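FYI, side chains are in, hydrogens and waters are out, and symmetry mates aren't considered; it's all heavy atoms of this structure. Every chain is numbered from 1, with letters handed out A, B, ... down the list of sequences. No experiment lies behind these values; they were computed from the predicted model shown.
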Amino acid sequence: MWLSFFTPDLFASAIRMATPLALAAIGGTICERSGVVNIALEGMMLVGAFFGVVVTLATNNVLLGVGAAIVAGVLLSAIHAFASVTLRMDQVVSGTALNILALGLTGFLMEVIYGHPGATNGIQHIIGPVFNFPTGGTGVLATIWTWIDQIVFSYTPIVYLAIIIAIVAQWAMFHTRWGLRLRALGEHPRAADTVGIRVQAGRYSAVLISGALAGLAGANLTLEQVGVYSDNMTSGRGFIALAANIFGRWTPAGSYLASLLFGFAEALEIRMQSFQSVIHVPVQFFLALPYVLVVIVLAGFMGRAVGPAAVGKPYEKE
Amino acid sequence: MPILELRDITKIFPGVRANDGVSLRLERGEIVALLGENGAGKSTLMNVVYGLMAPDGGEVFVDGAQVHIKTPRDAIALGIGMVHQHFMLVQTLTVTENIILGHEPSRFGVIDLVSARSKVSDLSTRYGLKVDPDERVADLSVGMQQRVEILKALFQGARILILDEPTAVLTPQEVRELFGVVRSLVAEGLSVVLITHKLDEVMGVADRVVVMRDGRVVGETTPAETDQVGLARMMVGRDVVLSVDKAPSKPGETVLEVRDLAVLDDRRLEALRCISLVVRAGEVVGIAGVDGNGQRELVEAIVGLRKPTSGSISLRGKDITHAAPHATIHAGVSHVPEDRQRRGLVLEFDLAENLVLGDQSDAPYASAGIMHGRVIDETARERIADYDVRTPSIRVLAGNLSGGNQQKLVLAREMGRDPDLLVAAQPTRGLDVGAIEFVHRRILAERDSGKAILLVSMELDEIMSLSDRILVMYEGRVAAELSSEEADAERIGYFMTGGSNKDGAPLQKPATTVAEGGAS
Ligand SMILES: Nc1ncnc2c1ncn2[C@@H]1O[C@H](COP(=O)(O)OP(=O)(O)OP(=O)(O)O)[C@@H](O)[C@H]1O
Ligand SMILES: [Mg+2]
């Protein structure tokens, strides 16, 4: 039984599930490092998922769909940036408002465009895996190859892109001018101001980047994983991403690895559901698993988490 | 032609004219000292020059040409550098990162850390500002942070250097080094505006002195034309007694007893090694020592901010070794922390709120969990008047007070609580001469009314003029205990730097009666 439980595609599925979490989490990391709390990742992911499908259905071009998802995320984040950086609104309030707006807007447009609530039609071709190597055969070598193929070569483009983004962002945060200034902004914006860094511009760009990444996460969900959009389909992933950012201690690589943990829980949840006949536990238990894991990890294992000192505080001169 | 000239600068805050038509001139290669009482408007004026505050009127000229400085970027581009009264360093970044921030040497956006580090170490050797380029700023002493701030300004290419109370947090040794650096900078053609409350420093380094009061320039002089008493009179507008007279102490029962205390510092190294001391009612015990010899950890352990690893602390016989900070407050301990912004105040709270911190849930300020605004406000007004905190109202946020007035606010709260034991770390940091006189008298009055006072200070003069007994700390131990009669700067200095009374190293003045204190 354990052999058929821990198959290579369980791990592959973990990486797939981790991808939208990781993209949004890295966005959250960048945003919070600049000093702006972003609890609107959920909403940004949702509009990304929705507009990705809408544009793909309308143009039959999935690349345009991905572009639309990113643009939608960026536009929503622009509102967040304006509210929290320019208007110096409370960032949690702004984020909450945007989550509600995203939910309402997608539901409303669903009715307007498709005339019914629930789910859209499926897109014609979801984005397929990048590589397609032949598998099969018997023997040890074939088994090893199957594992490698599944775990390394079975993914769609955004999954690989997310890994690249995690590595590049991690490197950039600690080796580039952009990264140094970003870290200074969230830690002590006034100090950054006194050395001539534009605090507001820096925060704007960080919030917009987080919107783009969350939008891309939405595209991954609909255009690479599911193929349709259904109401509120992100179902809290934006918040799990926020937790992954914290668990990853506000670093891109850490965010990715933490997302991997939560992604694994999701993969496990799905796998266990198919073993329900053997394990005899109510399905709700499995569904709750990733969320329970988040609570356990954040409350129990992580120890003291210290975020950027000035996160959540609007910057005012004088 | 002056390198920097200010004409009629005016800056108005709600309820205060912080600068009221201020004019100032700085020649090339000159050191101008800017003096004035707490709240006179010195920092405000310099913040205007540095582009951090927009003036409501006036003009600024650099090299004879009028300039419009709207942001620090503009100021830096004009060659103006500023070391702020409250440091502007990012604690989580390294020394090098802080220095290059905003002016990073980089190729295609990638920081060239090798060249950054070598530029930093070039500057640091050239001006004798020793720093470890890879250390995190959070782990540095304030003196080190000060150096980082100056290096940062130099790295940005400053020709005009503004130093806002650079010596308030330095040890006497560091002050000497700093002024050595400042002189070598001036020799290289830099011009310096120095804000300070220490009149001996002014007499020592300044070429010219400008004095402000209530937002205006009230006088200008040179060290040759005046002396410290004259400067103090110009600043405060009355004669200031620069030394205090105190009656002999009449110590009573033991209030604080620390026995065999061992404490770890932030890096988990032993900061206190089996230290024992006693403070009795009606006496001031002064702790002298070079910064970083365990004074901070001793204070934090007593007030409940740091857990001792062994030993005990008791207050009037009651054990408070593991008491939380609020419990020590209730037990009768007041604490003036060395860093007013980090530990003393909530900068986003107004003055009345800050003045009841620690007592906010007790009578008469609250009952049954409800705070009594009117009582709080009344007490706040009284204390603000009592301690001469310069502010238009009690609704002002603490962060908007001038540095010295923030310090007075902390003192007003902690001394106003009527404690059994007052633990005061650097109580006069950043205060003007008039305010220092006031605080010193106040501390002695508390002593005479039977309070026990533990005073930690880097100002040897302060320690010597207030203390009845002086403990010199060295490497986490009490190196010597001296009575106020036998203490002089030389002898304290000897023990501060590791001299001991056991190995018979010759003192310049032979020790007569050195109590065995704590070399145990
Ligand atoms: N951001 C602000 N908002 C409101 N009032 C302010 C602000 N900054 C300064 N002030 C007020 O302006 C006056 C001058 O303050 P400033 O900080 O320039 O004094 P200072 O001369 O530097 O005093 P100190 O020696 O205590 O540092 C004070 O009354 C202060 O309360
Ligand atoms: Mg000041």
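Heavy atoms of T71(B) lying under 4.5 Å from chain A belong to its backbone as well as its side chain. Contact annotation for H103(B): both backbone and side-chain heavy atoms come within less than 4.5 Å of a heavy atom of chain A. Contact of F87(B) with chain A is made through the backbone alone, with heavy-atom distances under 4.5 Å. For chain A, the nearby parts of L101(B) are the backbone and the side chain; heavy atoms of each come within less than 4.5 Å. For chain A, the nearby part of Q156(B) is the side chain; its heavy atoms alone come within less than 4.5 Å.
Comparing R181(A), H175(A), R183(A) by heavy-atom pairs within less than 4.5 Å of chain B, the highest count is held by R181(A). Contacts with chain A were tallied for P72(B), G399(B), G81(B), P105(B); P72(B) has the most, counting heavy-atom pairs under 4.5 Å.
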- prompt: So Q91(B) and E187(A), side chain to side chain contact (heavy atoms under 4.5 Å, CB included) or not? Walk me through it.
  reply: CA-CA 8 Å; Q91(B) 296 290 318; E187(A) 206 62 46; 5.6 Å; no
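Taken to the nearest 0.5 Å, the CZ atom of R190(A) stands 5.0 Å off from the CG atom of L52(B).
The neighbour count for F174(A) CZ, taken as heavy atoms of other residues, nucleotides or ligands under 6.0 Å away, is above 12.
Taking non-hydrogen atoms and a 4.5 Å limit, the residue list of residues 194-211 of chain A in contact with chain B, ordered by number, reads T194(A), V195(A), G196(A), I197(A), R198(A).
Using a 4.5 Å heavy-atom cutoff, the side chains of I100(B) and L180(A) are in contact.
The side chain to side chain donor-acceptor pair (under 3.5 Å) search around T391(B) returns none, not counting sequence neighbours.
Distance alone, capped at 3.5 Å, places no donor-acceptor pair between the R177(A) side chain and the V110(B) backbone.
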